[in-house]
Amino acid sequence: MRPARALIDLEALRHNYRMARRLGGGRALAVVKADAYGHGAARCALALQDEADGFAVACIEEAFALREAGIRAPILLLEGFFDADELPLIVQHDLWTVVHAPWQVDALERTPLRKPVEVWLKLDSGMHRVGLGAADYRDAWQRLRALPHVGGIVKMSHFARADEPECVRTDEQLATFHDATAGLPGESSLCNSPALLGWPRARAEWARPGLMLYGVSPFPQANAIAAELRPVMTLESKLIAVRDLPAGEPVGYGARFVTERPTRIGVVAMGYADGYPQFAVNGTPVAIDGRPGRLVGRVSMDMLTVDLTGHAQAGVGSRVELWGNQVPAAQVVAHSQTSAYRLLCAVKRVPLQYTG
Ligand SMILES: *Cc1c(COP(=O)(O)O)cnc(C)c1O
C-alpha cells in the first residue's frame, strides 16, 4: 500500500475547540465546512459533539452529511439558502440559516414554516461580499421579527482583515456593526479565528472558529496565543527510492534543482495530487525520520524529492513528515505561494487516519 496518509489527532481538535471557546468568552460554532478544512467533517464533528455548542457549514448539502452521521447539535448554514425551496428542509432537519440578502427576507415572508427557524442576520460591515447594508439591516430585522415562523435572530458580521494586527479596518467594521445593530435585542457573532486570536474587543455571545480548530495559525508572523494551538493533521509518507548523484545533475521536472556537490536524493510518495503544494520552493522544510530536512526539485503529481545530505541513516522506508507536529503547516505555507486555508483544504487522495 502507498504509504502516504494524513493522521488526524482528534484530541488536538478538542483542545483547539476549547481554546477557541475560552478566547471567545461565550459559545462557539465549530466551522466544519469544506469537509472540515480537509480533515473529514463527519469524524471531526462526532469528536466534538459532546462539547461543541454547534457547527457551521457552507450549505445544506454539507449539513445533511452531518445529520446522516448522527450529529444532533445545531448546524448553521453560513451561505444561507440558495433557493426558497430549501426552507422546509432547513426546518425539517433543525438547521439554522444565515440571511444575507433582501430576497431571502422576502422568501421567508412568503413561506410559512411548521416550526420557527433560527436566523443569523448578516450585516455587510465592510467586507462587501455578502450581507445586508447598514441602511437595510434594521428594516430586515424588524420584518423577520414580525414573522411567527422566525425564532431567534442572531446579529452577525464577518471581518475582512482580522489577520492583520492593528489594522484599522477591523475597528471600523466593528463600529459599523455596533451602529447598525444598536438597540436591536439578541445575541451577536463576529469572530472568525484571526479575530478570536487577535481582536478581543470583537468578542460576542457566539464565535465561529474554523482554521484555528485545526491547529494552524492564521497569522504569517509569530503569535503567542496561536502557538498554544495543537496541529490536528500530520501529513506523512515514506521514502520509496534513494539515489546518489554526482555534482551538476538535475533532479525532477524542469531541472529546478541541480546538485552542487555529490548528493543523496530521496524520493517521497507524496505529490500535488495529494494536496502537497505544487509550487513549494527548494528548501521547503520537511522532517525525515524526525529530523529537519528540505524539499528539492519541483513537486510532481505523485512524488517529491528531498535532500538527504546529513541524513546518513535515512533510506527506503524512512518516514517523511510534510507537515504536522515537527513541521508547522505555516512554514510550508510560507514557502509555497498558498494560504494555510488552501493548504489544508487541498488535501485529497491520501487516506485520513484518526486517533484520539
Ligand atoms: C469560514 C467562515 C468562518 C471561519 O473562519 P476561519 O478564519 O477559518 O476561522 C467564520 N465565519 C464565516 C462566515 C465563514 O464563512
Side-chain angles (χ1 to χ4, degrees), residues 13 16-24 26-39 41 44-45 48 52-60 62-63 66 74-82 95-101 104 119-132 154-165 167 170 173-174 177 187-199 202-220 223 225-226 229 231-233 329-330 333 338-347:
L13 178 71
N16 298 335
Y17 176 80
R18 283 177 212 130
M19 203 174 132
R21 200 173 187 278
R22 194 171 62 242
L23 285 170
R27 282 170 289 170
L29 295 182
V31 180
V32 294
K33 63 190 177 188
D35 206 22
Y37 296 43
H39 295 65
C44 288
L48 289 172
D53 300 306
F55 297 92
V57 294
C59 56
I60 200 165
E62 290 184 337
L66 294 186
I75 303 174
L76 174 68
L77 309 178
L78 289 168
E79 278 185 289
F81 49 95
F82 300 82
L95 307 176
W96 298 356
T97 184
V98 164
V99 166
H100 63 75
Q104 293 175 319
V119 168
W120 287 43
L121 186 60
K122 188 164 187 175
L123 172 75
D124 176 6
S125 59
M127 175 136 177
H128 302 328
R129 198 176 54 176
V130 294
L132 293 133
V154 174
K155 298 161 283 178
M156 78 177 287
S157 195
H158 194 56
F159 294 123
R161 298 176 65 180
D163 55 343
E164 299 173 48
C167 174
T170 300
Q173 283 197 258
L174 202 49
F177 179 80
E187 297 171 329
S188 301
S189 175
L190 290 160
C191 288
N192 55 1
S193 298
L196 277 170
L197 291 162
W199 294 88
R203 283 178 194 166
E205 287 86 355
W206 287 96
R208 309 184 306 269
L211 185 69
M212 69 179 290
L213 297 180
Y214 309 102
V216 178
S217 171
F219 305 114
N223 175 291
I225 308 173
L229 295 168
V232 174
M233 182 188 292
V333 169
T338 189
S339 68
Y341 295 86
R342 193 168 68 144
L343 187 82
L344 298 177
C345 289
V347 171

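Numbering of ligands and ligand atoms starts at 1, following listing order.
Close N/O approach between R129 and ligand 1 is not found [any backbone or side-chain N/O within under 3.5 Å]. Residue L211 has at least one nitrogen or oxygen atom sitting less than 3.5 Å from a nitrogen or oxygen atom of ligand 1, judged on distance alone. Some N or O of R208 is nearer than 3.5 Å to an N or O of ligand 1, by distance alone. Residue M156 has no nitrogen or oxygen atom sitting less than 3.5 Å from a nitrogen or oxygen atom of ligand 1, judged on distance alone.
Nearest approach of A162 to A195, heavy atoms of both residues: CB-N, 3.8 Å. M212 approaches S193 most closely through the heavy-atom pair N-OG, 3.0 Å. The minimum heavy-atom distance between V32 and V57, with the atom names listed, is CG2-CG1, 3.9 Å.
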Let's go through K155 and F177 carefully: what are the C-alpha distance in whole Å and the side-chain angles of both, what is the deciding distance for side-chain contact (heavy atoms from CB on, under 4.5 Å) to 0.1 Å, and is it a yes or a no? CA-CA 9 Å; K155 298 161 283 178; F177 179 80; 3.8 Å; yes
D53 and W206: side-chain contact (heavy atoms from CB on, under 4.5 Å), yes or no, with the steps? CA-CA 9 Å; D53 300 306; W206 287 96; 3.9 Å; yes
Begin from the C-alpha positions of E79 and K33 and carry the test salt bridge (charged side-chain N to carboxylate O under 4.0 Å, His left out) through to its verdict. CA-CA 11 Å; E79 278 185 289; K33 63 190 177 188; over 6 Å; no
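Atom 7 (O) of ligand 1 has its closest protein heavy atom at Y341 OH, 2.7 Å. Remark: minimum distance from atom 5 (O) of ligand 1 to any protein heavy atom is reached at N192 CB, 3.5 Å. Protein heavy atom closest to atom 12 (C) of ligand 1, with residue, atom name and distance, is H158 CE1, 3.4 Å. Residue, atom and distance of the protein heavy atom nearest to atom 15 (O) of ligand 1 are K33 NZ, 2.7 Å.
Short contacts between ligand 1 and S193, defined as distances under 4.0 Å to a heavy atom of the residue, involve ligand atoms 6 (P), 7 (O), 9 (O). Residue P194 has at least one heavy-atom neighbour below 4.0 Å for each of these atoms of ligand 1: 7 (O). Remark: ligand 1 atoms within the under-4.0 Å shell around heavy atoms of Y37 are 1 (C), 4 (C), 5 (O), 6 (P), 8 (O).
The shell of residues lying under 4.0 angstrom from ligand 1, judged by heavy atoms, includes P209. Using a 4.0 angstrom heavy-atom cutoff, M212 does not count as in contact with ligand 1.
The structure places CG of L213 at 9.0 Å from SG of C44, a figure rounded to the nearest 0.5 Å. C191 contributes atom SG, which lies 10.5 Å from atom CH2 of W199 (distance to the nearest 0.5 angstrom).
For H158 and R208, the side-chain atoms include at least one donor-acceptor pair closer than 3.5 Å.
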